[in-house]
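Accompanying notes for the structure given below.
Lettering follows sequence order; numbering is per chain, from 1. Everything numeric here is computed off the predicted structure, so don't read it as measured data.
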Amino acid sequence: MSIQPILIAAAALFSIGIYGILVRRNAVMVLLSIELILNSVNINFVAFNALLSDVMLNGQIFSIFIITVAAAEVGIGLAIVLMLFRNRETANINEFDLMKW
Amino acid sequence: MNSLSFLNNGLGLSIVVFFPLITAIIIFLIPKKQELLIKLVTLGSALFTFVVSLLVAIQFNFNDASTLQLGMKVSWISSINSNYEIGIDGISLPLLLLSTFISVLAIIYSFEHLPEPKNAKGMMSLILILETGMNGTFVALDLILFFVFFELVLLPMYFMIGIWGDKTIRSVAGLKNDIETRLYASIKFFVFTLFGSAFMLLGFLGLYFRGNRTFSIPELIELGTNGAFSGTFATLVFAVLFLGFAVKVPMWPLHTWLPDAHTAAPTVGSVLLAAILLKLGSYGFVRIALPILPDQAVTWAPAIAILSAIGIIYGSLACLAQTDLKRLIAFSSVGHMGFVMLGISSLTSIGINAAMIGMVAHGIITGLLFFVSGSMAHTYHTRDMGRLGGNMKLLPKTGAILAFTAMASLGLPGLAGFWGEFMALLGAYNPLPGLNVMIFRSSMVAGAVGTVLTAGYLLWMLQRVNLGEPKDEWLDQELHDADNYELVAWIPLVILTVLIGVFPKLIFGATNDAVIALVSKAFGG
Amino acid sequence: MAISSELIVVLTIIGAIILDILLPRRLKFIIALVSILGSLTAFLPIIFQFANYSSPEIMFEGSYVIDKFSLILKGLFILVTYLTFLLSVNFVESDEYYQGEYYFLLLCSLLGALVVTSSRDLLTMFIGIELASTPMFLLSGWKKGDQKSNEGSIKFFLLGVLSASLILYGFSLLYGVTGKLVFSEIANILIQQDLAQSPLALLSAILILAGIGFKISIVPFHSWAPDTYEGAPLPVTAYLSVSSKATGFVALIILLSKIFFDSGQGLGIVLVFISGITMFVGNLSALQQTNPVRLLAYSSIAQAGFILSPIAVANITGNFEDGVYASVTYLIIYAFMNIGAFLVINILQRSIDSEDMYDWGGLAKEMPLAGIFAVIFFFSLAGIPPLGGWFAKFVVFRSLLSTGEIFGLSLAIVGAVNAVIGLVYYSRISKIIWMDSPKEEIQSDEESFIPSPLKVVGFVSLVLTIVSGIFPGIFSNLGEASSIFFNS
Amino acid sequence: MVNIYLVNLFAEGQPEYTDGGVIAEFAWLIVILPFISALLITFFGKYLPLKGAEIALGTVLFIFIYSSTLLFQHATKGIANEFFINVGSIGTFDLEFGWVVDGLSIMMYFVVGTVASLVFIYATNYMKGEIRYTFFFTSLTLFAGSMLVLVSSPTLLQLLIGWELVGVCSYLLIGHYWEKKENSSAAMKAFITNKIADIGLMIGIIVLALSTKTMRISEILYQSTHDYSEIKTVAYLGGVLLFIGAMGKSAQFPLHVWLPDAMAGPTPVSALMHAATMVTAGVYLLGRMFPFYQGMASQALDVVLLFGVITLLGAGLVAVVQDDLKKVLAYSTVSQLGYMVTAMGSGAYTAGLFHLWTHAFFKALLFLGAGSVIHAVHTNNMSEMGGLRKEMPRTFTTFIIGTIALAGLPPLAGFFSKDEILASLNHEGHNFYFIVSVLGAFITAFYMTRAVLLTFYGEYRGHGHPHESDRMMTIPLITLSGFAIVAGWVNIPGVYTGFTKWVTTRKTAIVEYHPESFDLVAMFSGFTAGILGIGLAYYVYKFSGKAIEGDQKIKIKPIWKVLENKYYLDLFYFKFIVDPVKITIARLVDSFNTNLLDRFVNGVGVTASKAGGIVYNNLDQGGIDKALNLSSTGTDVIGSKVKLIQTGKTQQYIMYFLTGVVVISLIVLLVL
Amino acid sequence: METLDIISYFLLLVLLLSGIKVVTTSNVIHAAIFLVFTLATTAILFILLAAEFVALVLILVYIGAVIVLFLFGVMITRAPLGPNAELDNDKNKIFAALLSLSIFGIFTFILIQTFDSTVVISEGTSTKLLGEILLSRFVFPFELVSFVLLGALIGGITLARKDNALIDEDQI
């Protein structure tokens, strides 16, 4: 199995995630998009691990760490969104522009 | 070896430099209410510093004025090979004494004449910090040390102008809104000088890297006179050094901060600014720029001469258009410092000697002028010469001293101001061989014409301020003539003006050998 | 033990959690005490290790190294956190924040920063960075009721996560091409396979640079900084602008010098441009600010440009020793004066609660101490001798000019111009509080009272700022030591 | 530190001269004493019975006695000596002060001492009750000192110092009544005009000093008489430059304009400074440097001659139309100075100095007389005088003596000196100049007679009651008239030429024409011109009705107008030099400063700030907004519905971020 | 190996399509569900790549926990549950597409240039080995990451809970 399609797919997922971050208005949706990006990195690591036949399993371990950290990030993100929602009654990030100039 | 020899080895100079600073810190600890104590401590400190500087001068070996003496060298910032290297020679000694002396007078004057808002604690500590900066610059023999002291004067002066300065609101060309004079002036002063010195620092670093990684001025001079610095590099370095020093001098057209700063500054501020701070720039030229980069100095000399000549004429002409007394005196500084720079640009021992005595004389005379005009502004609450007049009648003592000082300032022979002007012209007539004689002689003629214009505006100023019948608005007012504090501050300057005027050896005796050594070393002339 | 300072911090973290659970509310100040003591205690092994230093200690198969570089920066982080704690004491108490959690999170961040200094592999560094920054996402939103704080927090968070993912992608590429995680091995393989200047290495470098650029807030990755700084609680902002930024710089220095040192001039040139633009954007934007915190935010952006510039030039010339020396020295001096600057704003805001600094006219007459602090710290930031900032700028100039490289020279000129621009706004606060007339009467003495923890912060920073200006040798020796040992 | 050392001047022969002994060695006393006195008067004068005048008097009397002793010594046994004090060195250049004791300086000491003593005595009375009485004496004493500094100077440097100091004293004294603006303006005018001339002097000194490597006059003269090449190249330039300086002090055309205005000062001042001493400084300078002119700069002497002649005629003509008695005398002084300069220019060293000598006495006499008149009638205008000979007989008599002396009738002083000048011109073959000078003599006689007639004859036209002045004023008048009579007898060709010996007794030998006997042509023409002048004036003003109408008879309108307006020189100066500089150029410079330089500086500041605004508002905070708006317009075009909602800031930041990444990647990967 | 290739291509296609759906669907719940699809596909891919343990973790942590968390988030913030046109920021779309495409382009360009070998699928990874490595070589980051989680947990709770809890804390 060629490595290229996997890597390209991961890059595509990365770009999709970026697109999502940029166009989504709802903060939760933005967080979803971020998960896509992190997932693409995971795919990269695992794929490279397989490609290199890394006996130290560095890639896999790295992706486990990434998953863990991502979970923590989601927790934090949701907490912040929740707090914002409580104060603003909305989760649309494009309405947060108090500190414009 | 005598009983004062413990002052050698840098101790005396270190005391002269740092004692005021230490006192300033002590003053921070004295409660604000103890005003008299603060003033006395300050005066005591300044006097002590002055006395020590005199003792140092006594220790100074005048027969060997061309070598750096009484100094020390200890490691300061080892990682960049910068040392606490100090010492004085005939060039720095007069300026050092001038600095300690003027500081004493400024403090005496401030005893009873604190500008609004009073706050003796602040003012006194600023003067002391300023003194450390000034003294330090004159003794520093390490570029970085020099730079630090050179910059140290900025903050106190900035606050002196900004806090105690003139509060009138004026419009400024190019700015939409009107602005308080002091605020405009203080930031302008600060930005201008910092602009110059920021680039100057780059120049110092350039020397450091080309010059075997040393910041020591004597070592760099040794290298520079042996032709270590040349080509584009030297041109660039000289350009930035020029920028740094010329702003401070100030040379035309970098002078525009000066009239504003002087006009806005409180009396003591303008005195110190005129008497000492301006000298830091010209001293920098003599101490650093010329000997380290002699070839560049030769290349740049005609330009400096032309700028100086422009400065002389320009400053005098601008004076003729002034209605503000202090502003007029400020512009006169541009002209006078033009003579100093003209002398320096000639690169001859005559010219540089002239510059040295010109600096001292300008310090004394213009300092005194600012003392007097500041005091008058304080008494009359105006500096508008259109409203003044008949000052001789209203305030005879002040008026007399103003007249005397104006005479001294216009370069009257027999008074201190004469030497700087005349000798500068003398030097400019025969510049260093190889320089374009025509440019220098034209500059000399321009300078000579400048002396006429100088006489013109000063006499005109006297006519408008001192002479004539007093205006009606002053007649029913109680105006206070110079009190004892003022006289104590002023009279010594008057005496010095005469002494140096009659017996210039007071200055030349110290500077001449050093200048000759400098010139022969750097330019072989 | 080599990592005893980390362990002490860990213990303090655990202690803080336990105390937070156990203590009733009125006794919660004990947590603050414990945290402060803990951070101070963590400083002791650093001193000890530094004094008895013989050679770098390498742990975990080369992924964790304790050398002078890391020791010095660890000391810096601990000291800065200690000062931040002191800054926070009154703040947290007065505003009824969650003390236990607050100190806990700050300590976590400290732990992360400590790890970053020693980390020499991708994973450890990534975890370190995350550990250092995730608590800050939360802390920046700590003023829960304040919408600005909320907003700052979400912006910070979103950009932070994005930057983390960029770093990760970059790491994954590095891993993919070398199969290693430890920096030295990666570098070896890159050089062996002649990949150091390959597009892939460059891409990963750029992605990492962007990710870390976010943390050190260089243009164009800086845009979150002003908003977040403005919204976050003041001590947190101080911490962000000092410690968090320093963490980013440490990571950048390590990565650039350990992995990408042979990646060609292109990267360095980009960095040169970035640092120049950063100075300009930061300074010019700061000119426009009326909100003091925003002003400091932009100022810290500009300072980041200064700190970055020696590394940038080092990347071109390959002479990392000079660059690291300059940057580290700058970082150390900058840390204290910037904390001091935030302290000043903190004190003044206590007196007149306004976000427009022009409302603070004449405050210094009521609070001369604060006035003096303002003068010292802000002019130090501006780089006026004899305050510490001048030496920071000086070493940067020195390293820029050391090679005579045209990029270094131009950057030095840009820096000089920016030093002048910076002066204008740095002097503004001093001008306002010393020279302007008061807008309203300042009523009572109570408000001009400065709590003693703040005074301690003030005096510590003041002494360090002035000492570093007058005897810069001390700090520059640290910088020198760090650069030498770092490269060996 | 101070090393006074004696220079033996007569290394090369001429052993009959002595070094003057103790009396020469202590000559510095008369230079220093006035300064000390001036200080004493300033600080203690007010508390003394005579308000300080006694100190001043004592001082000048001392000078008089000392200088008389010197003169006596000198007359018996020539003294020529100089002393130096080093006051510092610049480079290899020594700055020296000192004093000269030789014929020329002793003559000047004596003139100063004598005239000053008499004027001081006169002034104690004349100034009584005037404002700033004490200060007046301070300045006057100071002046005496400065003048002595000038004439005693062995170096060009000290000469310059004295030169300027007398200028300042002149400024102080002309502006004595500074409450009125005219007076202070006149003082300023005097000072500035002199200062302009001093440019010449200063540069001249610089040129000479640098080419001879010394400031010592004797050394310069030595070099110029021994064919040193360095000085030779600059001799013409130096000579002219020095003469420009002399033109200022000695009021030569066209720099004479200050002197008539200087009459704003009190009359004793005019007598002492603006007639006898200060204004002769220029002539003294020419005299002092005469060997240089002769040896090297003889072409410069032609210039000197030309200006001298122009001055003597031009000023004389203007004197004719003046109504102000003092102005008549002032222009007369200018004219006489013209004579002295002419003499110098023609190479007649002794003649010039001789005229200086005699002129000092009779012109001082005339001024004091005029002062006496003015004191009595409280006006300067002759149109408000008349018929005063009865009321003021002593003043009248002395004035007449002065007039005759000035008109050059024998055997009074002016005759001999003027005759020697004419003789010299004749001898040198300057025929045209000779004729002009004779014409000048005629005019001199004419206007002086006119002045006498208008003042002392006819009906009294003024108000108030004139009376003779008291003794303190008349004694000086009488004494001076004595001098006016006898002063000329010290140099009668063929009879007694002591004066020539006096003034030629100096280190460097003077090569000049000494008339051994009367030059008959010169004597005859001078005498005739005098007589004719007197006669014509007498005819015009006396024999045809009222004297005051005399002016109408000789009034040739256009010429008269030109003369009344003093050749429009003042107008020219003010309109084309002073005003443009003071008003137009100065304001231009000032506005250049505030509007251009400051605007530039502020503009840089504002631009930086604006740039900050642009960077901050557009790039930092809204750059992507713009891009977005652009792209949304794009979408608008293709029909998508667009709501003009505010962009989400956070996403904008992210865009920023990513755009940065993309751009940097592209740059690094593609460009670099 | 051909079947494996086909399967993997198919998997990647599903991955991408569901990924695109996550960011384009106008229904919030759908988006979350498509994310589940994406993650599930990723997990299968991981299994194909012999990273079973990672796949498991992914399923457990993500699908088990994170998605639930997301759904909570969606509900608590009352995001519009049905199809909603206002979910997107139309203004950004073009620029966003441009940016993401260019990033994709750059990445792909370089990836293709650098990596062109094939993956050798091994027999699978020993979870025991992985655990050993994790707890020896990577024990330090492993411990540290716990602090990340702990911090996120405690901080998240503190931020997310209602403010009045603070005021009433003593009474509780």
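- In terms of heavy-atom pairs under 4.5 Å with chain D, the best-connected choice from Leu287(C), Ile206(C), Leu209(C), Ile274(C) is Ile206(C).
- Ser163(C) places a side-chain heavy atom less than 4.5 Å from the side chain of Phe657(D).
- Within a 6.0 Å radius of CZ in Arg132(D), more than 12 heavy atoms belonging to other residues, nucleotides or ligands are found.
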Criterion side chain to side chain contact (heavy atoms under 4.5 Å, CB included) on Tyr653(D) and Leu158(C), from CA distance to verdict: CA-CA 10 Å; Tyr653(D) 293 169; Leu158(C) 286 178; over 6 Å; no
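- At a threshold of 4.5 Å between non-hydrogen side-chain atoms, the residues Thr659(D) and Pro220(C) do not count as touching.
- Inter-residue side-chain proximity for Val661(D) and Phe221(C) is flagged as met; some heavy-atom pair is nearer than 4.5 Å.
- Contact of Leu162(C) with chain D is made through the side chain alone, with heavy-atom distances under 4.5 Å.
- Atom CG of Leu202(C) sits about 10.0 Å away from atom OG of Ser665(D), to the nearest 0.5 Å.
- Within 6.0 Å of atom CZ in Phe273(C), 12 or fewer heavy atoms from other residues, nucleotides or ligands are found, so the atom counts as exposed in its surroundings.
- Considering CD1 of Ile664(D) and CG of Leu271(C), their distance stands at 8.5 Å, rounded to 0.5 Å.
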